[in-house]
Amino acid sequence: MKNKDYETVEFLHMIWEDYSTKHDINKDIDALIKLVENNTGIARNETEVLATVYDSALVVLDSSKNIDEEEKTRASYFSYSLYSDETNKPDFGANINKKGQILLAHNYFLETLNQKTSPAFGVLELMYTIIHELLHGIFPDLNEKAITEKTEEVWKSGMEEFVKH
Ligand SMILES: [Zn+2]
């Protein structure tokens with residue numbers, strides 16, 4: 001959690017686990033298939049996979065009824081990159097700084113994508129994490145608990161709205 005200035009891998013796995021045990025993830029997988037089809041082209045390498053995942057997360061955020069247009073616009077200016085200096089911070093999962101730059105740990109990214117359960121689960125978790133970071137960036141004054149709750153709301157309403165169209 002935020003007693004460190006970043007999100008640990010453990011925390012990120014935990015909030016997704018928490019969400020996915022409470023909700024019907026099959027619906028999210030249907031939405032995901034549609035999202036990936038819309039973001040045309042086949043992702044061939046890491047950079048392209050990350051770009052697809054990030055763009056899909058933005059579409060979900062944009063579809064959500066829980067945040068307004070101005071807040072959505074703010075998120076469109078954020079940037080992202082993979083963070084590979086994990087020798088110093090082995091538990092580093094993700095972070096957004098004051099400039100709106102999102103860092104996603106390279107190991108966390110790969111391990112989550114390549115988990116055994118289902119590749120779709122990995123993509124969904126990474127999108128969930130990105131939305132969580134986007135919300136930290138949009139609402140810098142909200143605490144961890146509030147952002148975690150907002151992540152759930154935005155995800156749920158964003159996915160629901162998105163599949164309607
Ligand atoms: Zn957080």
Side-chain angles (χ1 to χ4, degrees), residues 1-23 25 28 31-32 35 46 49-115 117 120-162:
M1 308 231 194
K2 287 271 157 141
N3 44 0
K4 301 188 176 181
D5 62 352
Y6 55 88
E7 239 100 42
T8 66
V9 171
E10 193 190 9
F11 175 73
L12 294 172
H13 283 323
M14 194 267 289
I15 59 169
W16 171 246
E17 182 75 24
D18 188 46
Y19 179 86
S20 58
T21 48
K22 277 190 296 191
H23 298 88
I25 294 305
D28 291 344
L32 176 69
L35 275 165
E46 253 169 41
V49 172
L50 178 61
T52 304
V53 170
Y54 190 86
D55 290 346
S56 300
L58 279 181
V59 171
V60 174
L61 187 93
D62 213 47
S63 306
S64 173
K65 283 179 165 173
N66 295 67
I67 57 172
D68 66 28
E69 289 308 314
E70 195 220 310
E71 290 157 352
K72 288 173 185 173
T73 305
R74 235 179 287 166
S76 67
Y77 293 105
F78 298 159
S79 64
Y80 63 92
S81 55
L82 290 174
Y83 177 79
S84 297
D85 190 17
E86 284 140 334
T87 40
N88 292 324
K89 293 175 187 170
D91 62 344
F92 182 95
N95 175 45
I96 183 166
N97 67 17
K98 289 194 171 65
K99 291 179 190 162
Q101 296 164 328
I102 295 171
L103 284 182
L104 202 63
H106 191 217
N107 283 346
Y108 166 69
F109 174 73
L110 287 183
E111 280 165 17
T112 305
L113 268 186
N114 298 322
Q115 62 183 286
T117 41
F121 262 57
V123 172
L124 289 172
E125 178 179 332
L126 289 171
M127 284 168 59
Y128 198 78
T129 291
I130 289 165
I131 288 176
H132 185 87
E133 297 311 320
L134 292 169
L135 290 169
H136 270 302
I138 298 170
F139 304 102
D141 298 330
L142 291 186
N143 67 21
E144 192 57 53
K145 188 170 176 284
I147 293 295
T148 301
E149 283 167 10
K150 231 181 213 321
T151 307
E152 251 189 79
E153 292 164 11
V154 166
W155 178 269
K156 210 166 167 289
S157 75
M159 282 297 206
E160 278 166 13
E161 285 304 310
F162 172 75

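Both backbone and side-chain heavy atoms feed into the values below; hydrogens, waters and symmetry mates do not. All ligand and atom numbering here is 1-based and tracks the order in the structure. No experiment lies behind these values; they were computed from the predicted model shown.
Remark: Tyr80 engages Tyr54 in a ring-ring contact (aromatic ring centres under 6.0 Å, His included) (not counting sequence neighbours). The side chain to side chain contact (heavy atoms under 4.5 Å, CB included) search around Asp18 returns Lys22, Glu152, not counting sequence neighbours.
For His136, the N, O or S atom closest to the Zn ion (ligand 1) goes by the atom name NE2. For Glu7, the N/O/S atom at the shortest distance from the Zn ion (ligand 1) is named OE2. When the N, O or S atoms of His132 are ranked by distance to the Zn ion (ligand 1), NE2 comes first.
Among the candidates Leu124, Thr21, Thr112, Thr129, the single residue satisfying the side chain to side chain contact (heavy atoms under 4.5 Å, CB included) test with Trp16 is Leu124. Leu126 pairs in a side chain to side chain contact (heavy atoms under 4.5 Å, CB included) with only one of the listed residues (Val53, Ile131, Leu50), which is Val53.
Contact annotation: Glu144 places an N, O or S atom under 2.8 Å from the Zn ion (ligand 1).
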